[in-house]
Amino acid sequence: ELQDLPREVFAVDPTNICQAPNTEVLYRCRKCRRALFRSSSILSHTEGSGPTAFAHKRITDPAQRCGDGHEKCTSYFTEPVQWMEPALLGVMEGQLLCPKCTSKLGSFSWRGEQCSCGRWVTPAFQIHKSRVDEVRTLPVVNFQTAKT
């Protein structure tokens, strides 16, 4: 059982950072708008083989098997973020809830989870794209220099 994790395992909670670099995207809870993670915390993975990767689940509907085999990922897989720590300690898997409004954002599993594209990701800290909003920061323009 995991009772205590080293601090360096967790990405910094975006609410603890004053200003983000202009190139970084912030992801917020769709319900309460609490900052959850930054684009730098997203772990990339190569796309899996799509529906054929779920053959063990016996997909028999031909409509689900056809296509180019490349389904788009419906979740973000992130590194663990500081606000997740209470949920992660002492358990192997569970739900990830918003720390402010407790709405369900996704799930985690130290053993790993399968992405909707078919790729297996281990360990998995999965946030559903439909539960978060992407917020891009606009560059700050100095209005004194803009006036000429």
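Because only heavy atoms are used, hydrogens play no part in the values below, and waters and symmetry mates are left out as well, while side chains stay in. Source: prediction; values computed, not measured.
With rounding to the nearest 0.5 angstrom, the CG atom of L89 is 13.0 Å from the CE atom of M84. Taking CD of Q126 as the start and CG of L43 as the end, the distance is 12.0 Å to the nearest 0.5 Å. For the atom pair NE2 of H128 and CZ of R30, the computed distance is 13.0 Å after rounding to the nearest 0.5 Å.
Among all heavy-atom pairs drawn from L96 and I127, the shortest one is CD1-CD1, 3.8 Å. Closest non-hydrogen pair, E113 versus A124, comes out as N-CB, 3.5 Å. Residues C101 and C98 share a closest heavy-atom pair of N-SG, 3.6 Å. The minimum heavy-atom distance linking P80 with L88 is given by the pair CB-CD1, 4.0 Å.
In this structure a side-chain-to-backbone donor-acceptor pair under 3.5 Å is missing from W120 to G112. Judged by distance alone, with hydrogens and angles left aside, the side-chain atoms of R119 form no donor-acceptor pair with the main-chain N or O of H45 at under 3.5 Å. Side chain of R131 to backbone of L105: no donor-acceptor contact under 3.5 angstrom is found. A donor-acceptor pair under 3.5 Å is absent between the side-chain atoms of K100 and the main chain of A35, judged by distance alone. A donor-acceptor distance shorter than 3.5 angstrom exists from the side chain of S116 to the backbone of T74, with no hydrogens or angles considered. Side chain of E24 to backbone of S40: a donor-acceptor contact under 3.5 angstrom is found.
In terms of hydrophobic clustering, with Ile, Leu, Val, Met, Phe, Trp and Tyr side chains grouped at heavy-atom distances under 4.5 Å, V81 and F77 are assigned to different clusters.
Side-chain atoms of S107 and Q95 form no donor-acceptor pair, as typed in the model, at a separation below 3.5 Å.
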Inset, instruction - Would you please test W110 and F125 for side chain to side chain contact (heavy atoms under 4.5 Å, CB included) and show each step? - result: CA-CA 8 Å; W110 292 101; F125 303 94; 3.7 Å; yes
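Between R111 and E93 a salt bridge is recorded (basic side-chain N to carboxylate O distance below 4.0 Å). The pair R28-D133 does not meet the salt-bridge criterion, since no charged nitrogen lies less than 4.0 angstrom from a carboxylate oxygen.
Atom NZ of K31 has 12 or fewer neighbouring heavy atoms from other residues, nucleotides or ligands inside a 6.0 Å radius.
Put simply, the side chain of S75 does not reach to within 4.5 Å of the side chain of C115, judged on heavy atoms. Contact annotation: the side chain of I42 never approaches that of E79 to less than 4.5 Å [non-hydrogen atoms, C-beta and beyond].
Residues passing the side-chain contact (heavy atoms from CB on, under 4.5 Å) test with E134 are V25, Y27, Y76, R136, sequence neighbours excluded.
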